[in-house]
Structures are given as structure tokens and as C-alpha cells.
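The chain is numbered in sequence order, starting from 1.
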Amino acid sequence: MEEDQHMVSAAQHILKALASSKTVSHEMRKTLLDLEIQLSTINERKGSGIKQLERKLKCLEDKVVMLRLEEELVQILVNHKQYFEVDYMSFNSNRVDLVYDESFGSVEDERINKVSRSIDDSLSEASNIDLVNPSVVEDLKSIAKAMFGSNYQHEFCHVFISSRRDALDEYFVILEIERLSIENMLKMEWQSLNRMIKKWIRAMKFIVQAYLVGEKRLCKQILGDFGSVYQYCFSEISRSSVLHLLNFGEAIAMGTHTPEKLFCLLDMYEALEHVAVDKDFLFIEEIDSFVTREFHNLQRFIVETIKSTFLSFRNAIATNPSKKCFPCGGVHPLTKYVMNYINALVEYGDSLNLLVDETLTDQSDSNDENNYENSTVSCSPLACNLRLITTTLESNLCNKSKLYNDVALQHIFMMNNIHYMVQKVKSSNLCNFFGDLWLRRHVGMFQHYARSYEKVSWSSVLSFLRDESLSTCVTERKIKKKCKDFSAAFGEVYKTQTGWSVPDKELREDLQISVSQKVIPAYRSYTGRHSSKIDEKWIKYTVDDLQCYILDLFQGSSKSLHHSHHRK
């Protein structure tokens, strides 16, 4: 009995010490105090009381060792986390966003690139990085074995899931992924939302292809001996974060379908396609049916949004208002916007060929179907749609040209814009989608507008350098009047057309040469033919003067002729 009393006293002492510990839970503290009360009356219970006490102390011992293993599990998971290098999570995008505004005086040509693809290789490497130091994996497995063996598997899973979920949340902060509601996202300005979309693309690839692959590997390393428990834990760790990413994508697809969103939508579509294989590996249908279903729903939603946005782009071109003429007859901002836009689209050719409506064709394509089949042009759905877009653009430009009162300036405007389209196709990957036939047709088109301009502008001017009839005697009075009328007509053309613009230097020089080849010989011939009757005072411009003046045309800055021989 004396030995029993010593044991009881020792047990009471241990219980009081444990109950006073700050690390003991409220439930455990209550259990300890109940045992301490029972010990105070143990002497009254004799032998049976001692045996009951031994059983309770054994149960308490198990619980305490529970408690200690939980603490050790948390410490190991927290203190031995391993982080990815910054390069794997860095955000790079060289893509220039295209936004058209009618108020723009000019739109600079931009080289447009997609979100860099070079990151994909690095993500593949990153998936091999261990999220926890490999040296402690065996310790974690031992803890799992001990706790599962003591029927404390739920407690182990709870601590493990909570700790690893916190680790995953850290990367959302690092990747600058905010947890915003769909309502708040729909209210955001496009520039802010656009930036978030680019971060989302980076995060989707990194989280699915690198982080979660490593997370599932860790779960299997530690819990692989316990059946499907590892998949359950992985699902609980990752589900809320993945659903957050998917909800973000859904919010973007729900927004207004303006043309500038198409590139981000295509990037999102390709990002989802890119991680699809990893998604199928990570999430097993039986356990994660909701996640996989939401993933596929988002893919379908984005595809439909891309299709409608692509169609709205062409409709926006067709309905772009023609309220006032563009100054100087230069290249209209709409032309630059559309050509830069479709030039950017060809970078997504593989995806768009699967997504765009292949039943839409350009009428000019159908008229020359055999010619297109025999040329180098691509007959893909995207190629047909791109040609249809440029046909729509040409129709709108034709309407805009009619805003000019001067028919000659109408031709200059169309020449400039068609020439710009041709140069854009020739100098980019667009040539693979438009082909030789389209190029030949449109080169002939802007050349036709150039000839039409010359005919309208210079026919009346050159008429003053023609004699009514070779058999008619031309009087000095008539010669004087023709010289005067020619000088006045040329001066008027000069004043007007120096203010017109032909931005492309080569095209401008070609047009100036062509005008010179018509004006100079006619002027030289007329003055030479009547040299004996022409008074020098009637000659306002020499041949050299005219050649120099013609070089002033189409510079976009209106000038006047105040006196003759201004370049001597």
C-alpha cells in the first residue's frame, strides 16, 4: 500500500504539472484535472482503483505523446520548407496591348509579342524541386506511422493539411494573386484587370505545373503507405486555391467582350490547355470531380467568349463611324490598329484555327478559290477570317474616303491605306495567311488609286500646256494666257497638296517621280515649242523650279508659292 501511495503522489504531481502547461489544450487540461481529483480519492478504492488508474494513465500517456508529435510535425513542416527561386515565379510579358481610340492622331506600329513562352521549360524543371527538405521526410513518415498506428490519423491529416495549405497561400501572396470577388473584378478598370490577368496566367502555370506537382509528390512520399489518404490530403490542400484561380478566369470571361480582351482570353485559353495534362495527373475524378468539372466548364466558357469577341472585332470594324475625314489623307488609325491587331493574332494561329468559325469566308476568296488553292496561301479557317477582316476594313475605308470633298484626296487616302496594308502583310507572318494572290491584287489596287489621283489632279493642269490644234496659229495672247493659267493652276495644286500626306517615303518618292514625268516633259515641250513667242516675264517657273516644287508635295505641311525661282 505504501508503494501504491507513492505512485499516486507521483501521478498527482505529474498531472498538476501537465495541467499548468500553456501548450495543453482546454479539453486535455480538463481531462488531467479530472484524473487528479480521482487520484485524491484513490485510497478509498483499493486494488480496483489502482487498475482503473493505470488504464487511464496509459490513455493519458498516449494523448500526451499525441500532442508532442503534433507539435513536432508542425515544427518540421514549418522550419524545413523549401522555396522556389525567384526566376521560376518572375512575371515577364513583352506583349503590347492594342486599344483603338478614334481620338488618336496616330497609332505607332508596335511589335506585339505573347507572354513569353521561355518560362515553360523552367516550370518543367521547377516541378522537380522538393517543397520540404528531403532530410526530414523519413521523420515525417515516422510521425505519420506512429499517429496512424495510435488511431490519430484524423489529427495528423488536420495538422498536415493546415500547414501545407498555409505554405501554398504564401505563394499566392508572392505571385500577387488577390482574392477578389467576381463582383469587384467586374467593376475594375481594364488596365488594372489586364495586369491581373497576366499575373493569373503566370500563377496558373506555376501553381499547377510546378508547385502542385511537388505537393502531390510530397503527400505520396509521406502518406503513400496509407492508401488513398495521400490523395485526400492533397485535394484538401489544393482545392480552395485552384478554385480561386478558376473563379478568376470565370469572372474575366463574364465581362464585356471588347476586342482588346481577345489576346488575354487567348493567353488564358492556352494556359489552361497547357496545364490540362498536369491537371489530369493531379486531380483524380473520383475524389476531385468538382474541381475537374469546374476546370472543363471554364475552358468551354473561355472558348465561347473568344469566339464572340473575335466576331465582335470584325463587327466593330464594319461599324466604325465615319463622321469626319482624317487629316491630310494619311494612314487612318483604324488601319494601323486592325493590321497590328491581326498581326498579333497570327501568333495564336494554332489555337484560333481550332476556335474560329471556318464557315465565314471572304467573297473575293470564293471568287478565286482555285487560284488560292494553287498558291502558297494558307487555306486555314484563320486565314479565311483574316482576309474577311481586311475586306471589311477596306469597305469601311472606302466610306471614310468619301468624306473628302476633293476626289484626288480620296484617291490619296485609299492609296496610303491600301499600301500600308500591303506593306504590313509583306513584312510579317501575315504573308503566310494572305498569299501571293492577295498581295498582287492589292498592289494593283493602290497603284490604281495612284493613277486615279494623277488623272484627277493633273489632267486639268496639263491641259494648259496643250495646243488646241497643230494647224491653228497660236497667238502670243493665247500663249501668255496659257502660261499664266498653268502657273496659277500649279500654284493652287502646290498649296493644297503640300499639305497632303504620303507617310511612306518610298511611296511618296515614287508618286513625286511619276508626277514629274508627266509635268516636266509637257512643260519643257510647250515652252520649247513656243520659245520664240514667249516673253520671259510670262515664265513664272523654270523646269528646275517645277522639279523642286514637286518634291515638296505630300509632306503634310501646306505651303504657298510667293515668287518664282525660289530655289536659285
Side-chain angles (χ1 to χ4, degrees), residues 98 100 107 112 257-263 265-266 269 303-322 331-402 414 416-446 448-449:
L98 288 173
Y100 173 73
V107 178
I112 300 164
H257 303 166
T258 52
E260 61 267 20
K261 287 188 178 180
L262 182 57
F263 298 102
L265 289 168
L266 285 165
Y269 166 80
V303 167
E304 292 304 315
T305 305
I306 287 173
K307 289 181 177 180
S308 62
T309 304
F310 187 84
L311 182 61
S312 70
F313 169 60
R314 185 166 64 87
N315 292 337
I317 299 169
T319 58
N320 186 264
S322 301
V331 180
H332 198 279
L334 179 65
T335 305
K336 292 185 176 182
Y337 173 73
V338 170
M339 297 308 294
N340 279 312
Y341 192 100
I342 64 175
N343 187 34
L345 284 181
V346 301
E347 296 295 326
Y348 300 87
D350 292 341
S351 297
L352 284 170
N353 276 323
L354 298 174
L355 301 176
V356 297
D357 190 348
E358 58 185 327
T359 62
L360 296 176
T361 57
D362 184 357
Q363 186 61 40
S364 61
D365 278 8
S366 61
N367 293 339
D368 296 285
E369 185 175 354
N370 292 331
N371 290 330
Y372 273 115
E373 288 178 354
N374 295 328
S375 71
T376 58
V377 72
S378 168
C379 294
S380 65
L382 178 58
C384 295
N385 276 270
L386 293 182
R387 292 194 293 269
L388 182 57
I389 287 172
T390 56
T391 299
T392 304
L393 173 61
E394 290 166 30
S395 178
N396 185 284
L397 290 172
C398 187
N399 291 332
K400 283 178 166 47
S401 72
K402 296 173 183 176
M414 291 302 296
N416 277 327
N417 284 271
I418 299 298
H419 178 268
Y420 179 87
M421 293 168 66
V422 168
Q423 293 303 110
K424 200 69 178 179
V425 170
K426 288 174 63 176
S427 63
S428 69
N429 288 333
L430 286 171
C431 62
N432 297 322
F433 293 82
F434 283 79
D436 296 336
L437 179 61
W438 187 94
L439 283 170
R440 288 196 302 269
R441 179 186 294 152
H442 285 73
V443 167
M445 194 181 295
F446 79 73
H448 166 74
Y449 284 119

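- A distance-only check finds no donor-acceptor pair linking the side chain of Tyr348 to the backbone of Asn353 [under 3.5 Å].
- You'll find the side chain of Tyr449 stays beyond 4.5 Å of the side chain of Asn417, heavy atoms only.
- A donor-acceptor pair under 3.5 Å is formed between the side chain of His442 and the backbone N or O of Trp438.
- The minimum heavy-atom distance linking Leu354 with Asp350 is given by the pair CG-O, 3.5 Å.
- Rounded to the nearest 0.5 Å, atoms NZ (Lys261) and OG (Ser312) are 10.5 Å apart.
- Side-chain contact between Ser380 and Phe433: present, with at least one pair of heavy atoms (C-beta onward) separated by less than 4.5 Å.
- Here Phe446 contributes atom CZ and Gln423 contributes atom CD; the two are 6.5 Å apart, rounded to the nearest 0.5 Å.
- Residues Thr305 and Thr309 approach most closely at O-OG1, 2.6 Å, considering heavy atoms.
- For the atom pair CG of Leu262 and CD1 of Ile306, the computed distance is 6.5 Å after rounding to the nearest 0.5 Å.
- Heavy-atom minimum distance, Ile342 versus Leu430: O-CD2, 3.7 Å.
- Using a distance-only test at 3.5 Å, with no hydrogens or angles considered, no donor-acceptor pair links the side chain of Asn399 to the main chain of Ser322.
- Between Val425 and Phe434, the shortest heavy-atom distance links the atoms CG1-CB, 3.8 Å.
- Rounded to the nearest 0.5 Å, atoms CG (Leu355) and CG (Leu382) are 10.0 Å apart.
- Of the inter-residue distances, the one linking Asn315 atom CG with Asn320 atom CG reads 12.5 Å to the nearest 0.5 angstrom.
- Smallest separation of non-hydrogen atoms from Cys379 and Cys384: O-SG, 4.2 Å.
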Problem set entry | Test log, rule side chain to side chain contact (heavy atoms under 4.5 Å, CB included), inputs Glu347 and Leu266 | CA-CA 10 Å; Glu347 296 295 326; Leu266 285 165; over 6 Å; no
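- Residues Ala318 and Asn396 share a closest heavy-atom pair of O-ND2, 3.7 Å.
- Residues Met421 and Glu394 meet the side-chain proximity criterion, which asks for heavy atoms closer than 4.5 Å.
- Tested against Lys424, the residues Thr390, Thr335, Asn340 include a single side chain to side chain donor-acceptor pair (under 3.5 Å) partner, Asn340.
- Using a 4.5 Å cut-off on side-chain heavy atoms (C-beta onward), Leu439 and Lys426 make contact.
- For Lys402 (side chain) and Leu397 (main-chain N/O), no donor-acceptor pair under 3.5 Å exists by modelled atom type.
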Problem set entry | Worked check of side chain to side chain contact (heavy atoms under 4.5 Å, CB included) between Asn432 and Val346 | CA-CA 9 Å; Asn432 297 322; Val346 301; over 6 Å; no
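- Side-chain contact between Phe310 and Arg314: absent, with no pair of heavy atoms (C-beta onward) separated by less than 4.5 Å.
- Ring geometry for Tyr337 against Tyr341 counts as tilted: the plane angle lies between 30° and 60°, on a 0 to 90° scale.
- For the atom pair His257 NE2 and Ser308 OG, the distance stands at 4.5 Å (nearest 0.5 Å).
- Side chain of Asn416 to backbone of Val331: no donor-acceptor contact under 3.5 angstrom is found.
- Residues satisfying the side-chain contact (heavy atoms from CB on, under 4.5 Å) criterion with Ser351, sequence neighbours excluded, are Tyr269, Glu270.
- Residues Leu334 and Lys400 have side chains in contact (heavy-atom distance under 4.5 Å, counting atoms from C-beta outward).
- Put simply, the side chain of Val443 does not reach to within 4.5 Å of the side chain of His419, judged on heavy atoms.
- Taking the side chain as every heavy atom from C-beta outward, Phe263 and Leu345 approach each other to under 4.5 Å.
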